[in-house]
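Report on the structure given below.
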Amino acid sequence: MQIGVNMFAICSKPEHGIAPMELHSSDAITIDAFCAAFVSALVANGITSIRPRSGSARRGFQAVLNKLDKIIAETNDKDTLYDLLKIRTSLAPGLSGSYDNFEAHLRGLQTSMVSSPNPAFADLRFNVSPSYAQSALDRLDKRWSELAKSAAKEFEMLGKEMSASDERQYGLSST
């Protein structure tokens, strides 16, 4: 059974008061669902804004891909491997080295309205509370939740190498 983006509370509000669907062990995960879980994990850890074209974010995107590579190498289940390979391939940098697909998937998860002209277009902001993001992760199958959390941790770790002001100015921010 293929579960799409609507399973995450961060992406859409449940229709008519019904809670979002949960991912079960036998269910596949889509690229959109992975990105939603990844953003939920970032927000749960206090990162609510990303400047995707910054050097720190680019290193973070590569760290996520490296994490996916590691998980792929350790996976024996054919269906899970296929899902992970689709995600990894979709998020891979383009020929120019840019992470346009990764950015596009994350930009689609922004919950705020966009104005034109938009001076903050360079930033991806996720206006979701950490508790709301955590509840989205809690509804997810443990293996997918752990993957999203570990990918977010890999992404976040690169910011620790920079000073706090550089982190806010050039890539990652909790403000």
Side-chain angles (χ1 to χ4, degrees), residues 1-15 18-23 27-54 56-65 67-68 82-141 144-145 147-156 158-159 171-175:
M1 174 181 198
Q2 191 83 1
I3 302 295
V5 106
N6 289 335
M7 63 183 269
F8 291 100
I10 194 170
C11 294
S12 63
K13 295 181 180 175
E15 296 178 21
I18 299 171
M21 266 181 125
E22 294 182 25
L23 182 66
D27 292 333
I29 189 167
T30 65
I31 179 64
D32 291 327
F34 170 79
C35 287
F38 173 68
V39 167
S40 292
L42 287 175
V43 171
N45 288 333
I47 295 176
T48 58
S49 177
I50 300 172
R51 181 162 290 165
R53 303 288 169 125
S54 70
S56 59
R58 291 172 55 81
R59 287 189 301 276
F61 293 148
Q62 187 57 52
V64 170
L65 296 177
K67 182 64 177 180
L68 285 168
Y82 181 70
D83 293 337
L84 291 170
L85 286 171
K86 285 192 310 186
I87 292 167
R88 171 60 171 88
T89 302
S90 294
L91 297 180
L95 295 175
S96 67
S98 67
Y99 293 88
D100 290 338
N101 283 343
F102 209 145
E103 180 182 348
H105 283 286
L106 296 180
R107 195 165 296 284
L109 296 173
Q110 290 186 110
T111 57
S112 58
M113 298 297 288
V114 177
S115 62
S116 179
N118 182 5
F121 184 76
D123 295 339
L124 292 171
R125 297 189 189 279
F126 305 104
N127 300 324
V128 177
S129 72
S131 60
Y132 195 72
Q134 185 61 51
S135 72
L137 288 170
D138 291 344
R139 284 191 282 276
L140 192 57
D141 179 84
W144 296 122
S145 177
L147 174 61
K149 289 176 186 176
S150 64
K153 183 175 180 156
E154 294 291 323
F155 185 90
E156 184 180 8
L158 70 104
L172 308 174
S173 178
S174 59
T175 57

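What you see is a predicted model; the values in this text were computed from it and never measured.
Qualifying side-chain contact (heavy atoms from CB on, under 4.5 Å) partners for Thr89, counting only residues two or more places apart in sequence or in other chains: none. In this view, Ser90 and Ile31 satisfy the side-chain contact (heavy atoms from CB on, under 4.5 Å) rule, not counting sequence neighbours. Arg88 pairs by the side-chain contact (heavy atoms from CB on, under 4.5 Å) definition with Leu65, Leu68, Asp69, Ile72, Ala92, not counting sequence neighbours.
Scanning both residues, Ala44 and Ala133, for their nearest heavy atoms gives N-CB, 4.0 Å. Nearest approach of Ala152 to Ala41, heavy atoms of both residues: CB-CB, 3.5 Å.
Side-chain atoms of Arg58 come within 3.5 Å of backbone N or O of Gly97 as a donor-acceptor pair.
Within the 4.5 Å cutoff, the side chain of Phe34 has no heavy atoms near those of the His105 side chain. Side-chain contact check for Val43 versus Phe38: every heavy-atom pair is 4.5 Å or farther apart. Two residues are said to be in side-chain contact when any heavy atoms from C-beta on lie closer than 4.5 Å; Val39 and Leu106 meet this criterion. Taking the side chain as every heavy atom from C-beta outward, Thr48 and Leu42 never approach each other to under 4.5 Å. The shortest side-chain heavy-atom distance between Lys153 and Lys67 does not fall under the 4.5 Å cut-off.
For the residue pair Thr30 / Asp32, no side-chain donor-acceptor distance below 3.5 Å is found, with atom types taken as modelled.
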